[in-house]
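Accompanying notes for the structure given below.
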Amino acid sequence: EVRLAESGGGSVQAGDSLTLSCKVSGVDFYSVSLGWFRQVPGEERVEVASIDLGTITSYANSVRGRFTVSKDTRKRTVYLHMTDLRPEDTGLYSCAASYSVYAGVTPPPAGFFEYWGQGTQVTVSS
């Protein structure tokens, strides 16, 4: 059974930092691309960051320079380290995995990913 379990969300003030984690099981961790998405009620899921089979990362323009995506293959976990958080970063953050190959300078869209977690809420107050 494929399972992606996010954790680390919370309520913070603007300018604070937060690190999200996503524990992945049931897939070949060495063979999947991983992504982070944000969604607010009534809106589409928005790609935030991704990391490919190796260590190549990509970021949405709105978070580049503030967010860092990384992974620990031994722990089968992908991270999203968020700094200088802004109210517009508020949303439900979900991680996703895909066996497909992607070679873009911006994160792949939601349709690229096959497996999803339930998400963890991040709320940033001004």
Side-chain angles (χ1 to χ4, degrees):
E1 178 189 3
V2 178
R3 186 164 185 261
L4 287 78
E6 302 93 339
S7 61
S11 296
V12 297
Q13 296 292 315
D16 285 351
S17 299
L18 206 58
T19 297
L20 307 182
S21 301
C22 175
K23 178 78 171 178
V24 181
S25 59
V27 298
D28 181 355
F29 196 80
Y30 292 91
S31 300
V32 292
S33 298
L34 299 159
W36 283 97
F37 288 76
R38 178 179 64 242
Q39 188 171 26
V40 298
E43 297 184 12
E44 296 286 326
R45 245 185 304 221
V46 174
E47 52 270 24
V48 175
S50 67
I51 184 166
D52 73 354
L53 308 183
T55 57
I56 296 176
T57 58
S58 59
Y59 299 92
N61 290 334
S62 62
V63 306
R64 188 173 291 113
R66 299 188 297 122
F67 291 13
T68 302
V69 59
S70 63
K71 62 184 177 181
D72 185 327
T73 53
R74 184 176 59 87
K75 295 181 179 179
R76 300 177 60 87
T77 300
V78 59
Y79 303 96
L80 184 68
H81 180 56
M82 306 181 292
T83 65
D84 189 23
L85 282 160
R86 304 167 182 172
E88 54 264 39
D89 296 321
T90 293
L92 183 69
Y93 282 74
S94 300
C95 66
S98 174
Y99 283 110
S100 299
V101 177
Y102 180 82
V105 295
T106 57
F112 172 83
F113 293 94
E114 300 142 46
Y115 307 105
W116 291 86
Q118 294 298 308
T120 184
Q121 178 68 32
V122 173
T123 303
V124 184
S125 302
S126 58

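With rounding to the nearest 0.5 Å, the separation of CD1 in Ile51 from OH in Tyr59 is 7.0 Å. One finds the NZ atom of Lys23 at 11.5 Å from the CG atom of Leu4 (value rounded to the nearest 0.5 Å). To the nearest 0.5 Å, the span separating OG on Ser50 from CZ on Phe112 amounts to 8.0 Å. Here the OG1-NE2 distance, from Thr68 to His81, works out to 6.5 Å after rounding to the nearest 0.5 Å. Note that OG of Ser100 is 13.0 Å distant from CG of Asp52, once rounded to the nearest 0.5 Å. Here Gln13 contributes atom CD and Ser126 contributes atom OG; the two are 8.0 Å apart, rounded to the nearest 0.5 Å.
Residues Ser94 and Glu6 form a side-chain contact, since some pair of their non-hydrogen atoms from C-beta on lies under 4.5 Å apart. Between Val27 and Glu114 the shortest side-chain heavy-atom distance does not fall below 4.5 Å. Counting only heavy atoms from C-beta outward, the side chains of Met82 and Asp16 never approach each other to under 4.5 Å. Looking at heavy atoms from C-beta onward, Ser125 lies out of side-chain contact with Val12 at the 4.5 angstrom threshold. Taking the side chain as every heavy atom from C-beta outward, Phe29 and Thr77 never approach each other to under 4.5 Å. Thr120 places none of its side-chain heavy atoms less than 4.5 Å from the side chain of Ser7.
Remark: aromatic rings of Phe37 and Trp116 are close, center separation under 6.0 Å.
Under the 4.5 Å side-chain contact rule for hydrophobic residues, Leu34 and Val2 share a cluster. Taking hydrophobic clusters as Ile, Leu, Val, Met, Phe, Trp and Tyr residues chained together by side-chain heavy-atom distances below 4.5 Å, Trp36 shares a cluster with Val24. The cluster map of Ile, Leu, Val, Met, Phe, Trp and Tyr, joined by side-chain heavy atoms under 4.5 Å apart, puts Val32 and Ile56 in different clusters. Cluster annotation: Val48 is not connected to Phe113 through the hydrophobic network of ILVMFWY side chains, with a link wherever side-chain heavy atoms come within less than 4.5 Å. Each of Phe67 and Tyr79 belongs to its own hydrophobic cluster when Ile, Leu, Val, Met, Phe, Trp and Tyr are linked at side-chain heavy-atom distances under 4.5 angstrom.
Between the side chain of Arg86 and the backbone N or O of Val124 there is no donor-acceptor pair closer than 3.5 Å. A donor-acceptor contact shorter than 3.5 Å links the side chain of Thr83 to the backbone of Arg66. Proximity of a side-chain donor or acceptor of Tyr115 to a complementary backbone N or O of Tyr99 within less than 3.5 Å is not detected.
Across all non-hydrogen atoms, the minimal contact from Thr90 to Val40 is O-CG1, 3.2 Å.
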For this session: Output, in order, the C-alpha distance, side-chain angles, deciding distance and verdict of side chain to side chain contact (heavy atoms under 4.5 Å, CB included) for Ser70 and Val78.
Result: CA-CA 6 Å; Ser70 63; Val78 59; over 6 Å; no
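Crowding of Gln118 atom CD: a count of heavy atoms from other residues, nucleotides or ligands under 6.0 Å not exceeding 12. The number of heavy-atom neighbours closer than 6.0 Å to CZ of Arg3, taken from other residues, nucleotides and ligands shown, is 12 or below.
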